[in-house]
Protein chains: 2
Amino acid sequence: MTRPHSGTAVATVDDPAPGCSALRDCLHCSVRHLAVCSALSPDEVQALERVTVSQALPLGATLARAGEPRQHVYTLTGGALRLVRTLADGRRQISGFVLPGDYLGLTGSDHHRHDIEAIADSRVCRVALPQMKDLRARYPHLERKLLQRACQALDDAADAALALARLQPAEKLADFLLRLAAREARLGDPGLRVTLPMGRSDIADHLGLTMETVSRTFTKLRQQGLIALPHLNTVEILDEAGLRDLCGA
Amino acid sequence: MTRPHSGTAVATVDDPAPGCSALRDCLHCSVRHLAVCSALSPDEVQALERVTVSQALPLGATLARAGEPRQHVYTLTGGALRLVRTLADGRRQISGFVLPGDYLGLTGSDHHRHDIEAIADSRVCRVALPQMKDLRARYPHLERKLLQRACQALDDAADAALALARLQPAEKLADFLLRLAAREARLGDPGLRVTLPMGRSDIADHLGLTMETVSRTFTKLRQQGLIALPHLNTVEILDEAGLRDLCGA
DNA sequence: CGCTGTCTTGAGTGGGATCAATTAACGTGG
DNA sequence: CCACGTTAATTGATCCCACTCAAGACAGCG
């Protein structure tokens, strides 16, 4: 069971005295993902440790709600989150899934624009906004890295928009699976076995479909021999080339 | 006639010896839109002038094609462009429309990801990539401004994705018109009269619809008294509140 | 073993796409 | 100024696919 229980979201829980391993994770993420520390002195590392807080998010917990004022930026160090937008009448869209290494804070707004919910037991590394501002002022390298990430995110957003606007359900799903596989591959995994931390309706709300259509499309891809579904949340990519020219690339 | 003729795109034409007005425009755009020059010395302005080139784009001209290596960044100083992606089988999506003041260059790729086409007689201010790199290294303020813009663009992309995924045709069109009106308002225009530089099929390919549906939806909004269409390319917003709660905001 | 929540599968409907024809807008040349 | 030709936009008729509603299968867990 990797899915959150209905609507009973547990409140977020801080980690006021982070253990050394959590702190090391945070620094690690800062180093690896934001490349701040490439040439930091020991006291600079100390300064970083002071502004960095690890926070646990059990499955189903909500990190933020749309409309709330933003207080921190985050880097996901483990687990998975979803970014949810809901219309007045309940229509839902999932702007994206946040996986380990992803940075949360690239927005021009001072309020959250999404509900941010944990779809697996997760852990984030967080920095308060004013302190992040200081860091960015102090390390131009960080600013540059953030801009790089933002540009990459913009490219991804354009790809997603094309998929939403013009791909058919099977193409959307193939595209989604390949994208997920590529992301897991970048984190070191082989790439043929993709784990889906999210449920069918999350996929549907991400691709602009219904749960039923997603389910039917999974069966269709399976019957065509393009994928296998050993478990509900595990997809094995049998014919990557086949998937790839399904989504017209 | 503000629409490009069929497929006969005129090649882009450089302006090797830009007149003083073009140069002033370029500097103006750099100042106003990237806020580089807020505290520049005269010789720094000279340096900027040297890297800045104005380029005219007649209606129908192509500034770049998807797949080509990127050579410059641009700021649009007049007219309008469209960013087009085309699938192998001809399905088309327009990622966005570029209006005066917009910056072209926020991408992580070193190749163009869109066809960039002028949908009106246009003019861009361009800077070669290596020189832009220098500028960014020299002026941290510029880097910060670009990041701000990228973040804003990301927010807009999320909004667009929600619209593509979950809004109905009438809602999509209402959202589009309001967004366009807001954009014109930011450039000083009153806001009740929106000029559409693009044709119906461009709107369709932007919203993930067909030309016919866009046309039908226009008539529907008109019959409901929400808008008026004095000319083909002019929309008058009669009931802004009505439009606004159509798209669920 | 039954309960709960999720996923799958089925049958029927509706809305946007498709195909096709008409109308409108604009520019040109007589 | 008007008739013509071209291109874009509108309107109409039909179809198809994804949505909707509903039932059934499956897994996880107490």
Side-chain angles (χ1 to χ4, degrees), chain A residues 1-9 59-60 82 87 89-93 119-120 163-174 195-223 227-235, chain B residues 1-9 59-60 82 87 89-93 119-120 163-174 195-223 227-235:
Chain A
M1 172 70 83
T2 57
R3 220 75 31 62
H5 305 289
S6 50
T8 63
L59 186 158
R82 65 179 169 217
L87 293 178
D89 60 358
R91 282 177 286 180
R92 215 172 66 123
Q93 206 237 351
I119 55 178
L164 282 176
R166 288 302 180 208
L167 295 193
Q168 296 170 347
E171 301 171 318
K172 285 182 179 182
L173 191 55
T195 307
L196 307 173
M198 70 294 288
R200 297 289 187 268
S201 73
D202 282 345
I203 298 176
D205 285 335
H206 182 53
L207 301 178
L209 303 169
T210 59
M211 214 198 61
E212 293 92 329
T213 299
V214 170
S215 183
R216 276 185 252 269
T217 307
F218 264 120
T219 343
K220 197 164 136 197
L221 294 184
R222 183 167 48 77
Q223 288 170 345
I227 62 171
L229 290 163
H231 304 296
L232 265 182
N233 303 322
T234 309
V235 176
Chain B
M1 172 69 81
T2 56
R3 220 73 31 60
H5 305 289
S6 48
T8 64
L59 187 155
R82 64 177 170 219
L87 293 177
D89 60 358
R91 281 176 287 181
R92 216 172 66 124
Q93 207 237 349
I119 55 178
L164 281 176
R166 288 301 180 208
L167 294 193
Q168 296 171 348
E171 300 171 318
K172 285 182 178 181
L173 191 55
T195 308
L196 307 173
M198 71 294 286
R200 296 288 187 268
S201 73
D202 283 344
I203 298 176
D205 286 334
H206 181 53
L207 301 179
L209 303 169
T210 60
M211 212 198 63
E212 292 91 331
T213 298
V214 169
S215 182
R216 276 184 251 269
T217 307
F218 264 120
T219 24
K220 198 164 135 196
L221 293 183
R222 183 167 48 76
Q223 287 170 347
I227 61 171
L229 290 163
H231 305 296
L232 267 182
N233 303 323
T234 308
V235 176

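Quick note on labels: first sequence line is chain A, next is B, and so on, each numbered from 1.
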Arg200(A) has an atom CZ; how far is it from atom P of dA18(D), in whole Å?
18 Å

Round to a whole Å and report the spacing from CG of Leu229(B) to C1' of dA8(D).
14 Å

First encountered from the 5' end of DNA chain C, between Met211(A) and Arg166(A):
Met211(A)

Residues in residues 213-223 of chain B with a heavy atom under 4.0 Å of DNA chain D, by number, are Ser215(B), Arg216(B), Thr219(B)

Just how far, in rounded Å, is P of dT10(D) from CG of Leu173(B)?
11 Å

Please report the distance, rounded to the nearest Å, between CD in Gln168(B) and P in dG15(C).
9 Å

Write down the atom of Val214(A), the atom of Leu173(A), and the distance for their closest heavy-atom approach.
O-CD2, 4.2 Å

Leu207(A) has an atom CG; how far is it from atom P of dC19(D), in whole Å?
11 Å

Could you walk me through whether Met211(A) and Asp202(A) pass the side-chain contact (heavy atoms from CB on, under 4.5 Å) check?
CA-CA 8 Å; Met211(A) 214 198 61; Asp202(A) 282 345; over 6 Å; no

Glu212(B) atom CD is separated from dT22(C) atom P, nearest whole Å, by 16 Å

Applying side-chain contact (heavy atoms from CB on, under 4.5 Å), run through Thr234(A) and Leu229(A) and close with a yes or a no.
CA-CA 6 Å; Thr234(A) 309; Leu229(A) 290 163; over 6 Å; no

Answer yes or no: is there a donor N or O on one side and an acceptor on the other, between the side chain of Gln223(A) and the main chain of Lys220(A), under 3.5 Å?
no

Taking CG from Asn233(A) and C1' from dG28(D), how many angstroms apart are they, rounded to a whole number?
12 Å

Between Asp205(A) and Arg91(A) (salt bridge meaning N to carboxylate O under 4.0 Å), is one present in this structure?
no

Cationic N near anionic O, under 4.0 Å, Asp89(B) to Arg166(A):
no

To the nearest angstrom, how far is Met198(A) atom CE from dT6(C) atom P?
16 Å

